[in-house]
Amino acid sequence: MTIRTRFAPSPTGYLHIGGARTALFSYLFARKNQGKFILRIEDTDAVRSSAEAIGAILDGMRWLGLDWDEGPFLQSERFDAYRAHAQTLLKRGLAYCCWCSPEELDEKRKAAMEKGLPPKYDGRCRTRADRPDGPFAVRFSVPPGATSFDDMIKGTMAFNHGEIEDLVILRSDNTPTYNLCVVVDDATMDITHVIRGDDHIANTPKQILLYRALGYPVPAFAHLPMILGADKARLSKRHGATSVTAYRDSGYLPHALVNYRARLGWSYGDQEIFTKEELIAKFSLESVGKSPGIFNPEKLLWLNHHYIKESEATELAPLLMAHLNALGVDASNDARVPAIIGTLKERAKTLKEMAEGALFYFRDEITFDEKAARKFLTPEAAGVFAVLSERLGSIGPFDEKAIEEAFGSVVSEKGVKLGALAQPVRVALTGGTVSPGIFETIAAMGKEKTLKRLAEAIKVSSRHDFSIEKK
RNA sequence: GGUCCCAUCGUCUAGUGGCCCAGGACGUGGCCCUCUCAAGGCUAAAACACGGGUUCGACUCCCGUUGGGACCGCCA
C-alpha cells in the first residue's frame, strides 16, 4: 500500500510558519516512504476564505520547495460529495435533522459555561418526531461507548462518547462542515496518514466515528505539537513576521527555514544541519517530540547565515538582485556582483543585510560618516591616498594579491602599521569604519571606482572641513 | 468549568534503568586570530519542575502535585 499524506490548510490567511511545519512533516513522511503528498484547500467557509489566501499558500509552498503530487483540491468544488455522504448517514439513521436555531444554542452554551457545565448539545432533536417548517441542520448521532486510537506521536488516546456532542455535519444552508469534509476527503483520497497539529486531537474521535459510520477504513493519525511564541502563547502576528513569504522578503533562504523548522520538534541525534535529501532519508515520526516548541528567531538567523556562507556567489546573485532593487540599485548588468557577494557572505545574516552592506559598492556618491571622516580623512591621509592611488593605478591584474603588495610597499615606505593605512582607506572607499577586508573590498570594487573614490577623498581630506555634513 | 495533551540548560534538543556529578546546537561571557566588522578556533556559565513510590540502582518506569498548552462552534 502506498503511503499518502496531505496538507489541508484553510485559506483564511497566509501560509503560517506553524502550518508550514505541518506541511513539511507531511511532505517528509511521504517522500521518505516513497508515498504521495496531496494538497487540499479547505475552503468550505465561503465567508472567511479568499482567493488571495489560496495564492499566498501555493506561493509559500513552492518557495519552500514542498512540491505536491496531487491537487490542489478545493473543498468548495466537492460539496455534492459531502451532501451525498450526509444523505447516506441520514438514510441509515446515523444522523438526524435539527431545527434548533444557532442563537438559541449559543445562549444555552454560554449559560452552561457559566454554570461550569460542559457546553454540550442536549440532543433535543434527536428523537423529534415532527418536521417543522423552516431551515434545519443535519447532526451526526454519536453512539454510546468510547473510542480510542493510537497516535503515532502521542501514543494511545481514549475518549468517552459522553463527552462528544452530536456534531453538525450539514448547516441549515445545506453547506457541509469541517468534520464531515475532512473525513469524506481523507477517505476518498485514500489518505493513509493524517499528520496535523495537535489542536485537532479532540476532533479525532468524532472523525473516527464518522469513518466507521460511513464504512471507510480509519487512517493512522500523527498529531504534531504546536509551535509557540517566546511568551509560550500560540504563535501569532504579535510574535513578528509569521508568514513564510515575509521571511522571503526579509532575505531568508528557503532551505534555512526548512532546516530550522524540521529541527523544531524533530531531531536526529546531535545533527543540526541537514540537506533536503538528508531530511527525507532521516525523517521519522518516531523521533518527533511530544512537547510544544518555542520559535527561536536567533537560531533561524544563524542557520540562514550558515546557508548564505555555504552558497556560491553565483547562486546568491539572482536572489540578491531583488533586495538591491528594493534599495534603488539596479545591479543586473554589473559584472562585479559575484565578487561583491564574496566579500559579504561572511558577515550578512540575511540577503537584505547583504544588499544593505553592498550599497557602497554601487553608489555614485558616497556619504561619509561624519565621525569617521573627522578622524581619518585628514590632510596627512590625503598624502597617503595620493601615493596609494598611484601604486594601485600601476598594478597589472587588479586582484587581491597585487593590491596587498601595493599596500605593503606603502606601509614599509611610510613606516606605518597596516591598520593606520587601512582604516583611512576604508573610510575613503566605503564612507564608514566597518567593511569587509580592505584588499578584498578594493578588488571587488574594481580599479576604476577605487581610484575615483580615492581622488574624491583626497579633495575632502585636504580640506578636512566637515561643517557642511555637520548640520 | 469539563475533556485531553505536555514537562532535561533562557531556547531547540540528545538521553529509552547503570555509559550521565547529563552530551550537542542557538544565544550569552572570556581568550586567541586580526586592517575595522564579521567569520573561525578554544573556553566558561547554564537544565533533569516538585513529592512519593518501584528497583541493588532512576533523567529514564508508576502515582500524585504544580506549572504550561489545546479543544469544548451551523470556524477550520
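Every chain is numbered from 1, with letters handed out A, B, ... down the list of sequences.
Nucleic acid contact class of A:Lys309 (heavy atoms, under 4.0 Å, all strands): sugar-phosphate only. Using a 4.0 Å heavy-atom cutoff across all strands shown, A:Gly265 reaches sugar-phosphate atoms only and no base atom. At the heavy-atom level, A:Phe439 lies under 4.0 Å from base atoms of the strands shown. Heavy atoms of A:Thr433 sit under 4.0 angstrom from at least one base atom. Contacts of A:Cys100 with the nucleic acid, taken as non-hydrogen atoms under 4.0 Å apart, include base atoms. At the heavy-atom level, A:Ala422 lies under 4.0 Å from base atoms of the strands shown. Counting any heavy atom pair closer than 4.0 Å across all strands shown, A:Pro292 reaches sugar-phosphate atoms only and no base atom. Note on A:Ile294: only backbone sugar-phosphate atoms sit closer than 4.0 angstrom, heavy atoms only; bases stay farther off. Using a 4.0 Å heavy-atom distance criterion, A:Asn203 is classed as a base contact. Among the atoms of the strands shown, only primed sugar atoms or phosphate atoms (P, OP1, OP2) are found under 4.0 Å from some heavy atom of A:Met157. A:Pro436 comes within 4.0 angstrom of a base, heavy atoms only. Heavy atoms of A:Ile438 sit under 4.0 angstrom from at least one base atom.
Ranking B:rC74, B:rA38, B:rA76 by closeness to the A:Ser10 side chain, first place goes to B:rA76. Across B:rC71, B:rC74, B:rC12, the shortest atom-to-atom separation from the side chain of A:Asp199 is found for B:rC71. When the nucleotides B:rU13, B:rC37, B:rU36 are ranked by their closest atom to the side chain of A:Ser267, B:rU13 comes out on top. The side chain of A:Phe159 has B:rC4 as its nearest neighbour among B:rC12, B:rC71, B:rC4. For A:Lys299, the listed nucleotide lying nearest its side chain is B:rC26; candidates were B:rA39, B:rC26, B:rC74. Listed candidates were B:rC37, B:rA39, B:rC6. Nearest to the side chain of A:Arg347 is B:rC37. The side chain of A:Tyr178 has B:rA76 as its nearest neighbour among B:rU3, B:rG23, B:rA76. When distances run from any side-chain atom of A:Leu105 to the nucleotides B:rC74, B:rC71, B:rC26, the shortest one goes to B:rC74. Closest to the A:Gln423 side chain, of the nucleotides B:rC4, B:rU36, B:rA76, is B:rU36. Closest to the side chain of A:Ala137, from the set B:rG24, B:rC74, B:rA76, is B:rC74.
If you measure from atom NE2 of A:His306 to atom P of B:rG40, you get 10 Å, rounded to the nearest angstrom. Between the P atom of B:rC74 and the CH2 atom of A:Trp99 lies a distance of 17 Å, rounded to the nearest Å. When rounded to the nearest whole Å, the span between NZ of A:Lys290 and C1' of B:rC12 equals 19 Å. The distance from atom CG of A:Leu228 to atom P of B:rU11 is 11 Å, rounded to the nearest whole Å. Atom CD in A:Glu286 sits roughly 16 Å away from atom P in B:rU16 (whole-Å rounding). Rounded to a whole Å, the CG atom of A:Asp151 is 12 Å from the C1' atom of B:rC4. Atom-to-atom, CZ of A:Phe360 to P of B:rU36 comes out at 16 Å; the value is rounded to the nearest Å. Here B:rC6 presents its P atom at 13 Å from NE2 of A:His223, a figure rounded to the nearest Å.
Spacing between B:rU54 and B:rC12 at atom P, rounded to whole Å, works out to 34 Å. With C1' as the reference atom, B:rC56 and B:rG64 are 26 Å apart, rounded to whole Å. B:rC33 and B:rG27 have their C1' atoms separated by 22 Å, with the value rounded to a whole Å. Distance noted for atom C1' between B:rA46 and B:rG51: 25 Å (whole Å). Rounded to whole Å, the C1' atom of B:rG10 lies 10 Å from the corresponding atom of B:rA47. Using atom P as the reference point in both B:rC74 and B:rC9, the two lie 40 Å apart (nearest Å). Here, B:rU65 and B:rC6 have their C1' atoms 15 Å apart, quoted to the whole Å. B:rU55 and B:rU60: their P atoms are spaced 16 Å apart (whole Å).
Across all strands shown, B:rG2 pairs with B:rC71; the Watson-Crick or G-U wobble distances both stay below 3.5 Å. With a cut-off of 3.5 Å on both pairing distances, the Watson-Crick or G-U wobble partner of B:rC50 is B:rG64. The pairing partner recorded for B:rA39 is none, the criterion being a Watson-Crick or G-U wobble arrangement whose two distances lie under 3.5 angstrom. With a cut-off of 3.5 Å on both Watson-Crick or G-U wobble distances, the partner of B:rU28 is given as B:rA44. Nucleotide B:rA14 has no partner under the Watson-Crick or G-U criteria, as no pair reaches both atom distances under 3.5 Å. B:rU55: no Watson-Crick or G-U partner with both key distances under 3.5 Å is found in any strand. Remark: B:rU34 base-pairs with no nucleotide in the shown strands. Criterion, Watson-Crick or G-U wobble with two distances under 3.5 Å.
Contact check, A:Arg139 against B:rC74: a side-chain N or O comes under 4.0 Å of OP1 or OP2. Listed pair A:Thr44 / B:rA76 meets the phosphate criterion, a side-chain N or O lying under 4.0 Å from OP1 or OP2.
Between the side chain of A:Ser172 and the base of B:rC74 there is at least one donor-acceptor pair of N/O atoms closer than 3.5 Å. Applying the 3.5 Å distance criterion, the base of B:rG24 shares no donor-acceptor pair with the side chain of A:Gln271.
Judged by the 6.0 Å and 45° rule, A:Arg131 forms a cation-pi pair with A:Phe136. Cation-pi geometry between A:Arg139 and A:Tyr121 is met: under 6.0 angstrom from the ring centre, within 45 degrees of the axis. In this structure, A:Arg83 forms no cation-pi arrangement with A:Phe79, as its terminal cationic atom is not both closer than 6.0 Å to the ring centre and no more than 45° off the ring axis.
In the displayed structure, A:Glu104 atom CD is contacted under 6.0 Å by more than 12 heavy atoms of other residues, nucleotides or ligands. For A:Tyr14, the OH atom counts as loosely surrounded, since its 6.0 Å shell holds 12 or fewer non-hydrogen atoms of other residues, nucleotides or ligands.
Relative orientation of the A:Tyr307 and A:His255 rings is perpendicular, given thresholds of 30° and 60° on the angle between their planes.
Look at A:Lys401 and A:Glu405 and you find a salt bridge, because one of the NZ, NE, NH1 or NH2 atoms lies within 4.0 Å of a carboxylate O, short of that distance. Between A:Glu346 and A:Lys309 no salt bridge is recorded (no basic side-chain N to carboxylate O distance below 4.0 Å). One finds a salt bridge joining A:Arg40 and A:Glu42 here, because a Lys/Arg side-chain nitrogen approaches an Asp/Glu carboxylate oxygen to under 4.0 Å. Contact check on A:Lys206 versus A:Glu163 returns no salt bridge, with no Lys/Arg side-chain nitrogen under 4.0 Å from an Asp/Glu carboxylate oxygen.
Map A:Pro135 and A:Arg426 each onto its nearest nucleotide of RNA chain B; the residue landing nearer the 5' end is A:Arg426. Nearer the 5' end of RNA chain B, as judged by each residue's closest nucleotide, is the contact made by A:Glu272, out of A:Gly437 and A:Glu272.
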